[in-house]
Amino acid sequence: MPLLRPADGLPEVVGDRAGLDRTVAALAAGTGPIAVDAERASGFRYSQRAYLVQLRRAGSGSALVDPVPLGGDLSGLAAAMDGPEWVLHAASQDLPCLAEAGLRPASLFDTELAGRLAGLPRVGLGPLTERMLGLALEKGHGAADWSRRPLPEDWLVYAALDVEVLVELRDVLADLLEEQGKLAWAYEEFEAVRTAGPPPPRTDPWRRTSGIHKVRRPRALAAVRALWEARDSLAAERDVAPGRVLPDAAIIDAATTNPTDVRALAQLPVFRGRAQRRLESYWFAALQSAQALPDSELPRAVAATDGPPPVSRWADRDPAAAARLAAARAGLTELSEHWSIPMENLLQPDLMRRLCWAPPSDADVAGFLSAGGARNWQIGLTTPVLEKALAARPS
């Protein structure tokens, strides 16, 4: 059955303090969990701030809150939302922008993560809602520019529907997990998501430039880095997504071509466009800075890492480690199939690789996993399998 309009009608967008006070009162008068969602403008803006927050609670109805006219501060909602369980879909995506607006959950239920642990094949909100509730959600605006104002009505309908049946979906997933004996595991996962701090800054984020595999020479890599950093600075200043300031393909093209002057740069695709012609001196200065670097300051061809080498090299560098990894993968695959839990949710793949490459000297696998952030349920399930894998020897 298609779910095309909110059951109670489309709520007015809350964009002032009086409206926010009414929303606080309504939430406080409601009962049970609070369905929460947020819309960002990731493909359009540099920041990851929330441009719309959707809420729904039994007895309260739905609310659409616009943080923009409220100065991005929704902390006035915090008291009414502190205590009840929040229900989100793919919570790790929305919690940072909600925290930036002053909202942090005391407890959490993540419907996407619940679907993964339940072994469901498709865990997007639409497929889950259709499978578990028999309702087809109106979709299509998730990647829209939510910084646009005014927001079109069909976008607002889409946003309201994202929380319309989220609590109902939570209930049926909780029942399914209880039947499978996994509900306690799920709550461990939810708590790990809720309490996770911000990720550490990436080392050499410029190395994620699409197409960088084509760049081999250190001097050309320095050019990629210089253009990436110049673009990032400009994107942050303008609050525009970096790819809209300068595409990755243009960075790679300029770095590999190495134009000798501004005129040669302006002949390259993308750079000959009107928007880039106004910035040609800015981009060329970045390229010049890379060319002026002494050899000692050029980036390495391969990024430094504190982890194991690529798995493809294990057989040559350490056959024993390769045998341990093969045994661990085989054992965890069997465990994954038995419990219908994806391998990556059963245990973080990087943690498994680190264990197999450099097992703890005291053979305390459970302690190693705990120190690496594994949850208790993961440790209990995987430790016997991994202990056996660490005893494997090359054939």
Side-chain angles (χ1 to χ4, degrees), residues 92 113 115-121 123 180-182 184-186 188-189 192-193 196 199-218 221 298-395:
S92 61
L113 193 45
R116 289 183 182 278
L117 294 175
L120 299 176
V123 294
Q180 296 176 345
K182 301 175 183 174
W185 302 352
E188 282 192 56
E189 291 299 296
V193 171
R202 291 186 182 277
T203 301
D204 293 346
W206 57 271
R207 289 187 184 272
R208 295 174 62 85
T209 305
S210 179
I212 199 169
H213 62 280
K214 303 173 185 175
V215 184
R216 301 294 184 186
R217 294 180 296 105
L221 286 171
L298 296 178
R300 296 172 53 178
V302 178
T305 177
D306 65 347
V311 172
S312 60
R313 301 178 188 171
W314 284 30
D316 292 331
R317 292 186 57 175
D318 191 337
R324 292 192 293 265
L325 181 63
R329 282 177 165 172
L332 292 184
T333 297
E334 185 176 338
L335 202 60
S336 167
E337 293 171 352
H338 174 77
W339 286 101
S340 296
I341 295 177
M343 278 269 286
E344 63 270 20
N345 293 109
L346 195 61
L347 189 67
Q348 185 181 9
D350 180 66
L351 186 56
M352 176 186 66
R353 289 191 292 268
R354 288 174 182 269
L355 174 69
C356 294
W357 181 254
S361 57
D362 59 1
D364 183 7
V365 172
F368 184 96
L369 297 180
S370 179
R375 267 66 75 188
N376 289 333
W377 74 271
Q378 295 175 316
I379 295 169
L381 274 185
T382 64
T383 293
V385 171
L386 294 172
E387 286 177 339
K388 181 179 179 181
L390 294 185
R393 296 292 180 264
S395 56

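- Heavy-atom minimum distance, Ala374 versus Leu351: CB-CD2, 4.1 Å.
- You'll find the side chain of Pro360 reaches within 4.5 Å of the side chain of Leu355, heavy atoms only.
- A distance-only check finds no donor-acceptor pair linking the side chain of Trp377 to the backbone of Glu188 [under 3.5 Å].
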Considering only distance and modelled atom types, tabulate donor-acceptor pairs under 3.5 Å from the side chains of residues 319-336, sequence neighbours left out.
from   : atom 1 : to     : atom 2 : distance (Å)
Arg324 : NE     : Cys356 : O      : 2.8
Arg324 : NH2    : Cys356 : O      : 3.0
Thr333 : OG1    : Arg329 : O      : 2.7
Ser336 : OG     : Ile341 : O      : 2.4

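- Between Leu386 and Phe368, every side-chain heavy-atom pair lies at or beyond the 4.5 Å cut-off.
- Trp339 and Gln180 are not linked by any side-chain donor-acceptor pair at a separation below 3.5 angstrom, with hydrogens and angles left out of the test.
- In this structure, Leu117 CG and Trp185 CH2 are separated by 9.0 Å, a value rounded to the nearest 0.5 Å.
- No donor-acceptor pair under 3.5 Å is formed between the side chain of Asp204 and the backbone N or O of Arg207.
- At a threshold of 4.5 Å between non-hydrogen side-chain atoms, the residues Glu189 and Arg116 do not count as touching.
- Taking CG of Asn376 as the start and CD of Gln378 as the end, the distance is 9.5 Å to the nearest 0.5 Å.
- Between the CD atom of Gln348 and the CG atom of Leu369 there is a distance of 10.5 Å, given to the nearest 0.5 Å.
- Proximity of a side-chain donor or acceptor of Arg375 to a complementary backbone N or O of Gly373 within less than 3.5 Å is detected.
- Looking at heavy atoms from C-beta onward, Leu381 lies out of side-chain contact with Leu347 at the 4.5 angstrom threshold.
- Smallest separation of non-hydrogen atoms from Ala366 and Ile379: CB-CG2, 3.7 Å.
- Residues Lys182 and Ser340 form a side-chain contact, since some pair of their non-hydrogen atoms from C-beta on lies under 4.5 Å apart.
- Side-chain atoms of Arg354 and Asp306, non-hydrogen and from C-beta on, do get closer than 4.5 Å to each other.
- Residues Lys388 and Pro384 are not in side-chain contact: their nearest non-hydrogen atoms beyond the backbone lie 4.5 Å or more apart.
- Between Pro310 and Trp314 the shortest heavy-atom distance is O-CD1, 3.1 Å.
- Pro218 is not listed as a side-chain neighbour of Arg300, based on a closest heavy-atom distance of 4.5 Å or more.
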- Task: Evaluate the side-chain contact (heavy atoms from CB on, under 4.5 Å) criterion for residues Thr305 and Thr203: first the C-alpha distance (whole Å), next the side-chain angles of each, then the deciding distance (0.1 Å), finally the verdict.
- Result: CA-CA 9 Å; Thr305 177; Thr203 301; over 6 Å; no
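- Without hydrogens or angle criteria, Arg393 side chain to Ala391 main chain gives a donor-acceptor distance under 3.5 Å.
- When atom types are taken as modelled, the side chain of Thr209 and the backbone of Trp206 share a donor-acceptor pair closer than 3.5 angstrom.
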